[in-house]
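First up is the structure itself, then whatever we jot down about it.
Here is the naming used below: chain letters follow the sequence lines, and residue numbers restart at 1 for every chain. Computed from a predicted model, the values in this text were never measured in an experiment.
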Amino acid sequence: MLTAIILAGGESSRLRPLGDKSLQRFMGQSLLMRHMQIVQEAGVREMVIVTSPRNDAAVRADCAAVAGDPAVRFVVQPEPLGMGDAAARALAAIAPDAPVYLTQAHDLLDPAFHRAMLAQAQAQPDTLLLAAKHAEAYFPGGYLIPAGTPPSTDQQPFAVRGIVEKPGAANVPSHWMTLVAHIIPRAGDLAAALAEAEAGDPGDRYERALAALMTSRPTLALPHRAPSAALKYPWHMLDIMEVLLHGLSAPQIHPSVQVAEGASIRGNAIVAEGVRLFPGAAILGPAYVGPGTILGNNALVRESMTGAHCIIGYSTEVARSWLGDDVWFHTNYVGDSVIDANVSFGSGTVTGNLRLDEGIIKVRVKGERLATGRNKLGQIIGSGTRVGINASLMPGVVIGRNAFVGPGIILNDDVPDGRRVTVRQELVWGENTIQRRPEDRDAFRSKLG
Amino acid sequence: MLTAIILAGGESSRLRPLGDKSLQRFMGQSLLMRHMQIVQEAGVREMVIVTSPRNDAAVRADCAAVAGDPAVRFVVQPEPLGMGDAAARALAAIAPDAPVYLTQAHDLLDPAFHRAMLAQAQAQPDTLLLAAKHAEAYFPGGYLIPAGTPPSTDQQPFAVRGIVEKPGAANVPSHWMTLVAHIIPRAGDLAAALAEAEAGDPGDRYERALAALMTSRPTLALPHRAPSAALKYPWHMLDIMEVLLHGLSAPQIHPSVQVAEGASIRGNAIVAEGVRLFPGAAILGPAYVGPGTILGNNALVRESMTGAHCIIGYSTEVARSWLGDDVWFHTNYVGDSVIDANVSFGSGTVTGNLRLDEGIIKVRVKGERLATGRNKLGQIIGSGTRVGINASLMPGVVIGRNAFVGPGIILNDDVPDGRRVTVRQELVWGENTIQRRPEDRDAFRSKLG
Amino acid sequence: MLTAIILAGGESSRLRPLGDKSLQRFMGQSLLMRHMQIVQEAGVREMVIVTSPRNDAAVRADCAAVAGDPAVRFVVQPEPLGMGDAAARALAAIAPDAPVYLTQAHDLLDPAFHRAMLAQAQAQPDTLLLAAKHAEAYFPGGYLIPAGTPPSTDQQPFAVRGIVEKPGAANVPSHWMTLVAHIIPRAGDLAAALAEAEAGDPGDRYERALAALMTSRPTLALPHRAPSAALKYPWHMLDIMEVLLHGLSAPQIHPSVQVAEGASIRGNAIVAEGVRLFPGAAILGPAYVGPGTILGNNALVRESMTGAHCIIGYSTEVARSWLGDDVWFHTNYVGDSVIDANVSFGSGTVTGNLRLDEGIIKVRVKGERLATGRNKLGQIIGSGTRVGINASLMPGVVIGRNAFVGPGIILNDDVPDGRRVTVRQELVWGENTIQRRPEDRDAFRSKLG
């Protein structure tokens, strides 16, 4: 019986100030829940989930909510020693003869692709199967060496004879990279190869083991051509959101939703239980609006996801953004931003999301400024943070958890967790020598249209 | 014949920058006019109104507009020597045998309660009658000493045997305080008691006289259980507004009101003559919108009162606020604020109304910072003041009359009458090395939803 | 055959940062195109257009688009030596016996007035005809000396016997000034008079030649009483816009225009091909909205003109303003402003358009601060400029081309072409000692209307 190994440990340190990668929620589900459900619907009931000491309890709680009663075992990886170590620990809990399907919870692949992988494994049970993605631009990862001419447009698997880790843009053996969705015919073979590869850098132990397996097994790559996304950096929340939103094919409006006169829901929008739209409010799909969320008068949510119980207040636009639960806005523009739970903005606060030069926006991750590939990107904001009124938040700024950003600020700097930043203005005091009388206004009154 | 003594003098100095307490207007009427009308409708035609030299002319002008032709006499209190002095001067104009009903214009009691007091007085003409209110929390005032067990839930009067002024929270004789609505069977008795009490602190002369009367007269307290409010500090304008708004039981929309397509009036709203709502504008009751006021496109007024001829301009929200006449807004958020006549805000200016810690907001009154009991409170702004564009006004700030607050300011400080405050920014000049061409925009155009 | 001389040269230096006077576009047409069309419809087919070396190519390109195939010749004036020099060069290309109609492209006169001038010329072919305008206030220009009593209210021409250039307010011979719309019976006469006047100040050479002609020819002044406007300073763009908008007599909505539910077009609005109005958007005529322009949710355009392909984004009001092509707004208030092509504003940026004292707004032109005659005036902004988010632009400020104005600025100063100005704020960093939990919000939730 095929067993899925689902890697859900790791530190998620590059995702800060957001939390655990696998537990990030989209449309009411964590990535892990979604992944388990997809794998299960593709026919897999046995699952071994690798957790970390840090997230083990949360992962178990999250899995408890998955329907369909899959047979789940948990393996804690005590230290973050990489994918090779994680896989080895999972394999120790699986019979050596069983085939395994190794995946990551924070990789969002097409459900049909998982089904195709499993069908292929049934058809050719002795073949090592690797998911492959055509890389438009160079990205540091594992590149496949095709055995013959690789396919360019169709959905057929192609034979590969090796894998090169991070070869550099000039030396790629093909434009096909591997995604972490691998079917190994015998668990014991991979366990042995990982044991062999234990000496050496833990960072590529898994890839070295895989390369060794490929010398003794026929190997096929199965192209993943539907949109996919993986969660590593916080702005990838928007990538995952986009894949999910553009996958919607019809609106789903809960019967309890209240839409006031003059309010509207258009496009493929999922609008959850208890959502209320006040007069003039609009949801423009694709979008997901979480349960109990309120859109005040004239508010607009488009190409976005909100969590539960958000308040999208009067005259606020949320565009292409992901919001956690209990986020509160009031007269704001929120564009291309990732805003975690329990954050509020004062009235008039705006997320800048476009550089003057319309160039690629950079974000600081663990001390290093990384190009995000996006020329529209707002802010990443951790949970529990408050922003005052009329603040101007600059593109790519990261604001930590439980922080406070004062009114009227022009925020170019990142704000660490638990910090407070305000503006000191130089005020000039004097007499107000001009005093207007009500009569003076009458001349202006006639100019009103 | 019972005569009402209406105290309408005093300095109203704690109400600054607003004007005279008794003359503050709600829904087109001053508190004094409203009070006179209520007392008259309860059956009282004889009234003695105590004024101050400062407000005597204005009070007389105001009273002239009261319908029903009550028999009104005016008594000027030359110096602000307190309630005892005011009452003594009023009593000098009343026959000693007449019963009197002593009240204050700036106390908003339930009309039915006034009727109940007068009915009780007819039933027991020899009894001293005091209005009583159950104090949820300690407030410095006069506490009643019940003769027996005080009632806790019903509407029945209960016997009292004394009164203690400001006993301190630990020493209250009951949780019943007295409100200034007292029926004294013989004017002459109170005049004599006040004469007796003249020596001593003028600040509690009235209470000492009342206590003396209670030793010789049977005294009943009549509980006031409907919502009530009194006007002492400027934020009490919101208390009075709330009582009046929540007392509305049906919408009243003048036939001349113009409601454009897509505009709406909902809830118990009084919308006066000549009000115009532009497309997308909304009034959400309970609310009062004064005559000639205009709501621009998409403007929203809710749980608020506006004066006459206000302009609630394009995309402006006014929530839980009281506005005088001729107030002009344009793209603003105005929440939980008291804004007197002839004030205007530039576009983008916002009233902060919530502290970071969501704690109780304090306001400076006569040099002392007082807790308002409110965790949502915007600003108090005197008449004739102008605020520039994109200003950020912090919770609890008081801006005086005829002041000017400059654009882009983060205003944490109070602004005295007639002062001007602006911001001096440090500007950094350089070359703009990036020049965009119209063609560059085409890539972005496709991203518009 | 009468030939029109159309003066379209000059430096337009006082119009900076806008471009050439004659080529400014209103409702899809340059002033020159409009003028050529009006003159042609009044019966003139022969035209001599005077250009400058700077604008010659652009003027020729512009003229190529004029329908009706007029017979146009171009004369380049090599140096900006004034109207006398320009006219002399044009006359050199015209037969001496032909009558000529001398006009300026950037003067917006009533089409019916041009027809009346030409009809008058046919009725009295030997008479010199001058357009006349009644000056309400003194303006430096050419004042007419009536031969008898000048008419005060009717449309009849009146005889004049001379012209005085800039006489000063105390010395005007009448309140009638001449507009540049002059019919000279014989081209050769004006050419000769201009040759005679060549010695002397080139600045009034034309007026001196005209005065000389008047001594030998009967001269009539024809009053222009319809609204007119001339383009000299950049704020005159608004004058011309107003004349054109108030001349609209019916709405013209292209069949391709998309008006979402809850959006509206009212009044005399011209809405061009491909314009889209999102839900809640409104156009309030008189207005012109250029082809391909988008009005986002709840946007409002009133008494304004937009160019082609503008984005009037979410919750933006454009009032009494002229916009070039490709102007992008998002949550802005734009009032009484002139904004050239390819300019964008960040969200929350506001055009201040009213001084504190509601006085006349001044604008700096070539180093001198000039009173504009307007008490409502926003900014003049050159093409290619970007303004960040939450900027506050003060009344009468001029921002050059390809400039950058940073976020959060309070802009009181003009910005030259190609400059960048940003704000340096003093930030105060500390610990955020207050951390709110989601539970704390529940108390506030109930306060939402």
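- Nearest approach of A:Ala299 to C:Tyr314, heavy atoms of both residues: CA-OH, 3.7 Å.
- A:Arg266 is not listed as a side-chain neighbour of C:Glu261, based on a closest heavy-atom distance of 4.5 Å or more.
- Between chain A and the options C:Val423, C:Leu427, C:Val428, heavy-atom pairs under 4.5 Å are most frequent for C:Val428.
- Between the side chain of C:Asn297 and the backbone N or O of A:Asn298 there is no donor-acceptor pair closer than 3.5 Å.
- Residues satisfying the ring-ring contact (aromatic ring centres under 6.0 Å, His included) test with A:Phe329, not counting sequence neighbours, are A:Phe345.
- Comparing C:Gly408, C:Ala319, C:Gly262 by how many heavy-atom pairs each has under 4.5 Å with chain A, the most go to C:Gly408.
- In this structure, A:Arg419 pairs ionically with C:Glu431, as a charged nitrogen and a carboxylate oxygen lie closer than 4.0 Å.
- The greatest number of non-hydrogen atom pairs below 4.5 Å with chain A, out of C:Ala260, C:Gly388, C:Gly348, C:Pro279, is found for C:Pro279.
- Between the CD1 atom in C:Ile389 and the OG1 atom in A:Thr351 there is a gap of 7.0 Å [rounded to 0.5 Å].
- Inter-residue side-chain proximity for A:Asn432 and C:Leu356 is flagged as met; some heavy-atom pair is nearer than 4.5 Å.
- For the pair C:Gln425 (side chain) and A:Ile410 (backbone), a donor-acceptor distance under 3.5 Å is present.
- Only the backbone of A:Ala391 comes within less than 4.5 Å of a heavy atom in chain C; its side chain stays farther off.
- Chain C forms the most heavy-atom pairs under 4.5 Å with one residue out of A:Val415, A:Asp325, A:Asp417, and that residue is A:Val415.
- The distance from the CZ atom of A:Phe404 to the OG1 atom of C:Thr433 is 11.0 Å, given to the nearest 0.5 Å.
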Under 3.5 Å, which donor-acceptor pairs do the side chains of residues 377-385 of chain A form with other protein atoms, sequence neighbours left out?
from: A:Gln379; atom 1: NE2; to: A:Gly352; atom 2: O; distance (Å): 3.1
from: A:Gln379; atom 1: NE2; to: A:Leu393; atom 2: O; distance (Å): 3.1
from: A:Gln379; atom 1: NE2; to: A:Met394; atom 2: O; distance (Å): 2.7
from: A:Thr385; atom 1: OG1; to: A:Gly400; atom 2: O; distance (Å): 2.6
from: A:Thr385; atom 1: OG1; to: A:Asn402; atom 2: N; distance (Å): 3.2
from: A:Thr385; atom 1: OG1; to: A:Ala403; atom 2: N; distance (Å): 2.9

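- Distance check: C:Trp429 CH2 to A:Asp413 CG gives 5.0 Å after rounding to the nearest 0.5 Å.
- How far NE2 of C:His330 is from CG of A:Leu354: 11.5 Å, rounded to the nearest 0.5 Å.
- When all heavy atoms are compared, the tightest approach of C:Ser315 to A:Ser315 is OG-OG, 3.1 Å.
- C:Phe278 places none of its side-chain heavy atoms less than 4.5 Å from the side chain of A:Ser264.
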